[in-house]
Amino acid sequence: MNHRLSTFLSLIIIFCVQTESSSGQQSYFLRGTIRDAATNAPLGAANVRLLGTSKGTISNALGVYALSIDSGAHQVVFSYLGYTPDTLSGVIDRNQTYNPVLHPSAITIPEMVVFGEDPALEIIRKAIATKHQWMDKLFTYQFEAYTRQVLHRDTTIAGITESYSTGFARRGDTLREIIRQKRQTLNVATNENFAAVRHIVNFNDDIIDLLSLRVNSNSSNLEFVGPTAPNAFENYDYKLLNTRRVSGKEVYQIRITPR
């Protein structure tokens, strides 16, 4: 094949590739940092969701996010537990930067009549009495997770691994987790990045199995009584710190202290 013919065929191939790619829908990146409006602190693991789709991501420990979006008119919702969501509406036709500032939800303390005990005790009593009613109805769930593992030496950090994943769980089946993105420090090989959720602990169980270790033929479990177990009051003290509304529902922040 002479030089002119080779060059001509190369131009045809390039033209075909460019024509094929131009017929597809263009995608752009929306990037930025999510912060607390009151303190300007970054919000790690905040949710970023493309409204009307299953597409989304979460911010990293520094509050930084990046989401690939097809060109067109979209609404992107930024949310974080205990904060009022922020929505970005508009046409995505180029790479853009948007830095959401989320405002903490108004904290309200409902009027309570206390008879010599902390209101948290009555809240926990109701949780113990009703938890099986809703736990028995939970057959499947899905979650978005950001996992970070830090390995320490005696005097310094030996390595850091991170992952962004989507998890699916079904009663009677094992947890299924899709790792969407991984990154690690340069001294950690990609195939040695084991950062993932792997196991979901249900703190509403009566007995919580937090960790299982097996060395040779010996095994050891870290188990303890759950904070909503029937005998929880024999094992913990409870104190109501505040009450806030999230998505129209009251959420209680309770400090649990082992006896």
Peer 1: Do Tyr83 and Asp36 have side-chain atoms, one donor and one acceptor, less than 3.5 Å apart?
Peer 2: yes
Peer 1: Walk me through it: do Thr257 and Asp237 pass the test side-chain hydrogen bond (donor to acceptor under 3.5 Å, both in side chains)?
Peer 2: CA-CA 5 Å; Thr257 306; Asp237 289 322; over 6 Å; no
Peer 1: Look at the side chain of Asn187 and the backbone N and O of Ala158, then say whether any donor-acceptor pair between them is shorter than 3.5 Å.
Peer 2: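 Such a contact is found between Asn187 side chain and Ala158 backbone.
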Peer 1: For Arg171, does the CZ atom sit with more than 12 other heavy atoms under 6.0 Å from it, leaving out its own atoms?
Peer 2: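 Above 12, so yes.
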Peer 1: Atom CZ of Arg49 and atom NZ of Lys55: how far apart are they, to the nearest 0.5 Å?
Peer 2: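 The CZ atom of Arg49 sits 15.0 Å away from the NZ atom of Lys55.
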Peer 1: Count I, L, V, M, F, W, Y as connected when their side-chain heavy atoms are under 4.5 Å apart, and connections chain through other members. Are Leu102 and Val246 then in the same cluster?
Peer 2: no
Peer 1: Roughly how far apart are Leu43 CG and Asn47 CG, rounded to 0.5 Å?
Peer 2: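 Answer rounded to 0.5 Å: 11.0 Å.
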Peer 1: Do the side chain of Ser163 and the main chain of Lys182 share a donor and acceptor less than 3.5 angstrom apart?
Peer 2: no
Peer 1: Could you tell me whether Asp136 and Lys131 have a side-chain N and a carboxylate O separated by less than 4.0 Å?
Peer 2: no
Peer 1: Same hydrophobic cluster for Tyr236 and Tyr252, using side-chain heavy-atom links shorter than 4.5 Å among ILVMFWY?
Peer 2: yes
Peer 1: To check you understand the geometry: which heavy-atom pair defines the closest contact between Ala196 and Ile179, and what is its length?
Peer 2: CB-CD1, 3.9 Å
Peer 1: CG/Leu151 to CD/Glu192 distance, rounded to the nearest 0.5 angstrom?
Peer 2: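 Leu151 CG to Glu192 CD: 10.0 Å, rounded to 0.5 Å.
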Peer 1: Could you check whether any side-chain heavy atom of Ile58 comes within less than 4.5 Å of a side-chain heavy atom of Val48, counting everything from C-beta outward?
Peer 2: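 Ile58 vs Val48: side chains apart.
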Peer 1: Checking Tyr98 against Asp86: is there a side-chain donor and acceptor pair closer than 3.5 Å?
Peer 2: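 Tyr98 and Asp86 do have a side-chain donor-acceptor pair below 3.5 Å.
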Peer 1: Going by atom types alone, do Ser71 and Asp93 pair a side-chain donor with an acceptor below 3.5 Å?
Peer 2: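 Not at all, the side chains of Ser71 and Asp93 share no donor-acceptor pair under 3.5 Å.
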Peer 1: Should Met135 and Asn202 count as side-chain neighbours, where that means a heavy-atom distance under 4.5 Å?
Peer 2: yes
Peer 1: Using 0.5 Å steps for rounding, measure from the OG atom of Ser165 to the CZ atom of Arg176.
Peer 2: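 Nearest 0.5 Å value for the OG-CZ distance: 15.0 Å.
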Peer 1: If I compare all heavy atoms of Glu177 with all of Val197, which pair ends up nearest, and what's the gap?
Peer 2: OE2-N, 2.9 Å
Peer 1: Please step through side chain to side chain contact (heavy atoms under 4.5 Å, CB included) for the pair Thr156 and Arg153, ending with a clear verdict.
Peer 2: CA-CA 5 Å; Thr156 187; Arg153 292 176 179 164; 4.1 Å; yes
Peer 1: Can Ile69 be reached from Leu88 by stepping across I, L, V, M, F, W or Y side chains whose heavy atoms are under 4.5 Å apart?
Peer 2: yes
Peer 1: Should Phe203 and Leu240 be regarded as members of a common hydrophobic cluster, given that ILVMFWY residues are connected when their side-chain heavy atoms come within less than 4.5 Å of each other, either directly or indirectly?
Peer 2: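 Yes, Phe203 connects to Leu240 through the hydrophobic network.
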Peer 1: Which heavy-atom pair separates Ala232 from Ile128 by the least distance, and what is that distance?
Peer 2: CB-CD1, 4.5 Å
Peer 1: May I ask you to decide if the ring planes of Tyr238 and Phe233 are parallel, tilted or perpendicular, using 30° and 60° as cut-offs?
Peer 2: perpendicular
Peer 1: Any side-chain donor-acceptor pair under 3.5 Å between Thr87 and Gln75?
Peer 2: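 Distance-only check fails for Thr87 and Gln75.
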Peer 1: Please give the remaining members of the hydrophobic cluster of Ile157, linking ILVMFWY side chains under 4.5 Å, ordered by chain and number.
Peer 2: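 Taking Ile, Leu, Val, Met, Phe, Trp and Tyr as members, Ile157 shares its hydrophobic cluster with Val150, Ile160.
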Peer 1: Find out if a path of hydrophobic residues (ILVMFWY) with successive side-chain heavy-atom gaps under 4.5 Å connects Ile256 to Phe224.
Peer 2: yes
Peer 1: Closest approach of Arg31 and Ala66, non-hydrogen atoms and distance?
Peer 2: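 Distance-wise, the nearest heavy atoms are CG-CB, 3.9 Å.
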Peer 1: Donor-acceptor pair, Asp118 side chain versus Ala120 backbone, under 3.5 Å?
Peer 2: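 Checking the backbone N and O of Ala120 against the side chain of Asp118, a donor-acceptor pair under 3.5 Å is found.
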Peer 1: Do the non-hydrogen side-chain atoms of Asp206 and Val225 ever get within less than 4.5 Å of each other?
Peer 2: no
Peer 1: Does Tyr164 have any ring-ring contact (aromatic ring centres under 6.0 Å, His included) partners at least two apart in sequence or in another chain, and if so, which?
Peer 2: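 Residues passing ring-ring contact (aromatic ring centres under 6.0 Å, His included) with Tyr164: Tyr146.
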Peer 1: What pair of heavy atoms forms the shortest contact from Ala46 to Ile34, and how long is it?
Peer 2: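 That closest heavy-atom pairing would be CB-CD1, 3.8 Å.
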Peer 1: With a 4.5 Å limit on heavy-atom distance, are the side chains of Thr185 and Thr161 in contact?
Peer 2: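 No, every pair of side-chain atoms sits at 4.5 Å or beyond.
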Peer 1: At what distance, to the nearest 0.5 angstrom, does CG of Asp209 lie from NE2 of His199?
Peer 2: 6.5 Å
Peer 1: Under the salt bridge (Lys or Arg N to Asp or Glu O under 4.0 Å) rule, collect the residues that match up with Arg148, sequence neighbours excluded.
Peer 2: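 Testing Arg148 for salt bridge (Lys or Arg N to Asp or Glu O under 4.0 Å), a comparison that skips the adjacent residues, returns Glu162.
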Peer 1: Under a 3.5 Å cutoff, is there a donor and acceptor pairing between the side chains of Asp70 and Ser27?
Peer 2: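 Distance-only check passes for Asp70 and Ser27.
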Peer 1: Please indicate whether Arg125 has more than 12 foreign heavy atoms, meaning atoms of other residues, nucleotides or ligands, lying under 6.0 Å from its CZ.
Peer 2: yes
Peer 1: Using the salt bridge (charged side-chain N to carboxylate O under 4.0 Å, His left out) rule, take Arg180 and Glu144 through it: C-alpha gap first, then chi angles, then the decisive distance, then the call.
Peer 2: CA-CA 10 Å; Arg180 304 198 314 272; Glu144 304 286 332; 2.6 Å; yes
Peer 1: For the pair Arg170 (side chain) and Asp173 (backbone), establish whether a donor and an acceptor sit closer than 3.5 Å, ignoring hydrogens and angles.
Peer 2: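 No; judged by distance alone, with no hydrogens or angles, the pair does not exist.
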Peer 1: Drop me the distance from Asn95's CG to Ser68's OG, to the nearest 0.5 angstrom.
Peer 2: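 Spacing of CG (Asn95) from OG (Ser68) equals 9.0 Å.
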Peer 1: Could you tell me if Thr243 and Glu250 have a donor-acceptor pair between their side chains, going purely by distance under 3.5 Å?
Peer 2: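 No, no side-chain donor-acceptor pair sits under 3.5 Å.
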Peer 1: Would you say Tyr65 and Leu30 make side-chain contact, with heavy atoms under 4.5 Å?
Peer 2: yes
Peer 1: Check Gln184 against Asn193 and note the closest heavy-atom contact, atom names and distance.
Peer 2: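 Shortest heavy-atom contact: OE1-ND2, 2.7 Å.
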Peer 1: Kindly indicate whether a cation-pi arrangement holds for Arg94 with Tyr28, taking the cut-offs as under 6.0 Å to the six-membered ring centre and within 45° of the axis.
Peer 2: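 No, Arg94 does not lie over the aromatic ring of Tyr28.
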Peer 1: Is the closest side-chain heavy-atom distance between Phe143 and Leu175 below 4.5 Å?
Peer 2: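 The answer is yes, as the side chains (C-beta and beyond) meet within the 4.5 Å cut-off.
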Peer 1: Passes side chain to side chain contact (heavy atoms under 4.5 Å, CB included), Phe78 versus Asn99? Steps please.
Peer 2: CA-CA 10 Å; Phe78 304 86; Asn99 300 314; over 6 Å; no
Peer 1: What do the steps show when you test Tyr141 against Phe168 for ring pair (Phe, Tyr, Trp, His ring centres under 6.0 Å), and what is the final call?
Peer 2: CA-CA 6 Å; Tyr141 62 86; Phe168 305 87; 9.8 Å; no
Peer 1: Answer whether the closest heavy-atom distance between the side chains of Ile254 and Ile124 falls below 4.5 Å.
Peer 2: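 Heavy-atom side-chain distance check passes, below 4.5 Å.
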Peer 1: Less than 4.5 Å apart, any side-chain heavy atom of Pro227 and any of Asn235?
Peer 2: no
